[in-house]
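Some notes on the structure that comes next.
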Amino acid sequence: MKLVLLAAAALLLTAAAPASTAPAAKRSRTFRLTCRATVPVPPAGTKALDFWMPVPHDDKSQDVRELKIDASAPVRIRKAGDQPTNVPNYTIETDQYGNHILHLVVLAAKEVQPGMTSQNWAKLPAAPIAPLTVTLTALVTRREHLNLRATDDRAPAEIEAQDPNLARWLAPDRLVPLDFKIKAQAQAVVDQAGAKTDLQKARAIYEHVVSTVTYDKTGQGWGRGDIYYACDARRGNCTDFHAIVIGYCRALGIPARFSIGLPLPPQRGQGEVKGYHCWAEFFTKETGWVPVDASEAAKDPSRRTYFFGAHDENRVEFTRGRDLTLAPRQAGPPLNYFVYPYAEADGQPLDVAHTYLFEDEARPTGVVTPTKDKATKLIFVYNADGGTLNGFKDMLHKTIAPSSYECALCAKTYAFSGMRAEWKQAVAGLPLPAEFLHRDQFRAAYPALAEHTLPAAFSVDAAGKLTPFISTQEMNDLSLNDLIALTQKRADALVAAQ
């Protein structure tokens, strides 16, 4: 009997346990993005206006197609004999971090008369440069960025081409110094958590920031990504949250990088994006790059587990890195971050007004987009705690004494090789995204429901309110095929009711 148990244990250790929070398939959205910038009339006598705008780029999480740039500019002539044109010279440059940057130059115009000589043209005064409007449009497909290895050490590591800037992501930023005080604070966080590996340390830092910093954009000082402000005030926006995450990781020798772009509302449709959003990734040899979003986790505690190892599809990335020197180089100092257009008149900064609009691609007929106060996702909760050791115990229990195993959801939807294909396919085809939590994760995220019988499933609305979706009794009584049918029927009914 002992040999049988040892053999079973060896087999079960290689089996996949239920994923903590990862959906069965990556979600995506495709939308038309419009970025419009307006530069005011520069001071009298300005000879040249330089304009820079971040351009969304292709990477493993987003595709950019149908890129189009329109610009208004006064008639201008560089030298006598040139043909007048109202299209300014522009190029799309790539900086050292792979960021794409639109650069545009407008020269002061001169009135040219037929037969005018070069000498007479050169003596003419330059006319004032008129206001400049630049419009960038693109069709963007953004995919959910998942690294399952962050929460499951048996999942494959993230595969990505080696980042040539790895050393840069260990260095300080102007507002994120890596001095003795920051290193001591970071070390205290991981010591208190008993973290030993780089992954454990990064998780401890993330949990510390989410638990101790409040998303609050009141007063002054927030929004600069100043690690000392964020550590002292314990509040701020996404820039401040991730200044701590990135600074603490780097202080402990864990490469971490900063990205910034625009957030999109979860509900599909169209509208204006009022502000920016930023997020972070850290790197370990065991996991590759791991996405984290501490500020979104603080705003929505139900997704705290999800945002360690994931970025959702409701965003578009513009640039990576801080203290940026543009391409070609601006006359002013490096930019703290680059998400909004920037302009200089003869080397002096100008204020630039900007508007960002999005419009989602038409969705298939019969699929209704969730709106505020309507169901936005489903949560399935196992009656089992997370972690490798618990997963092994559960698998051993199911094998040796299946009749007394208490999690019907796990027993019916998982085999030795992982999630059953028919269940995985069914979940991927639901009209709402699905998230999976273990018992301990669920109780931590929803303490008011700590006594709710499990396993169970819930629908979640935009305000984070949970409503029973499938009961424990139904999960216990139904076969897998019947559970799939019921899940599909009720999800369709939820969406149709919206």
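In what follows, residues are counted from 1 in the order of the sequence shown.
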Next item on the list: Test side-chain hydrogen bond (donor to acceptor under 3.5 Å, both in side chains) on T212 and R234 and set out the steps.
Entry: CA-CA 7 Å; T212 63; R234 310 312 297 180; 2.5 Å; yes
Next item on the list: List the steps, then state whether side-chain hydrogen bond (donor to acceptor under 3.5 Å, both in side chains) holds for T214 with D216.
Entry: CA-CA 6 Å; T214 302; D216 181 358; over 6 Å; no
Note to self: ring pair (Phe, Tyr, Trp, His ring centres under 6.0 Å), that's the test. Do F380 and W423 meet it? Break it down for me.
What the structure shows: CA-CA 12 Å; F380 291 84; W423 174 245; 5.5 Å; yes
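The closest donor-acceptor contact from the side chain of D173 to the backbone of V176 lies at 3.5 Å or more, if one exists at all. Using modelled atom types, one side-chain atom of D240 and one backbone atom of G223 make a donor-acceptor pair closer than 3.5 Å.
Aromatic rings from F458 and H452 are positioned such that their centres are separated by under 6.0 Å. In summary, the aromatic rings of Y356 and H354 are positioned with their centroids under 6.0 Å apart. Proximity of the aromatic rings of F308 and F282 is defined here by a centroid distance below 6.0 angstrom, and this criterion is met. Between Y97 and W169, a ring centre-to-centre spacing shorter than 6.0 Å is recorded.
Cation-pi contact between R257 and W289: present, with separation from the ring centre below 6.0 Å and deviation from the ring axis of at most 45°. For the pair R420 and Y414, the NZ or CZ position fails the cation-pi test of under 6.0 Å to the six-membered ring centre and within 45 degrees of the ring normal. In this structure, R303 forms a cation-pi arrangement with Y306, its terminal cationic atom sitting closer than 6.0 Å to the ring centre and no more than 45° off the ring axis.
Side-chain contact check for H100 versus P56: every heavy-atom pair is 4.5 Å or farther apart. Residues N314 and R29 have side chains in contact (heavy-atom distance under 4.5 Å, counting atoms from C-beta outward). Proximity of L136 to L67: side-chain heavy atoms (C-beta onward) are separated by under 4.5 Å at one or more points.
Using modelled atom types and a 3.5 Å distance limit, the side chains of N237 and T239 yield a donor-acceptor pair. Side chains of S211 and R304: a donor on one and an acceptor on the other come within 3.5 Å.
Other residues, nucleotides and ligands place no more than 12 heavy atoms under 6.0 Å from the CD atom of Q192. Residue-environment remark: NZ (K217) stays at or below the threshold of 12 foreign heavy atoms within 6.0 Å.
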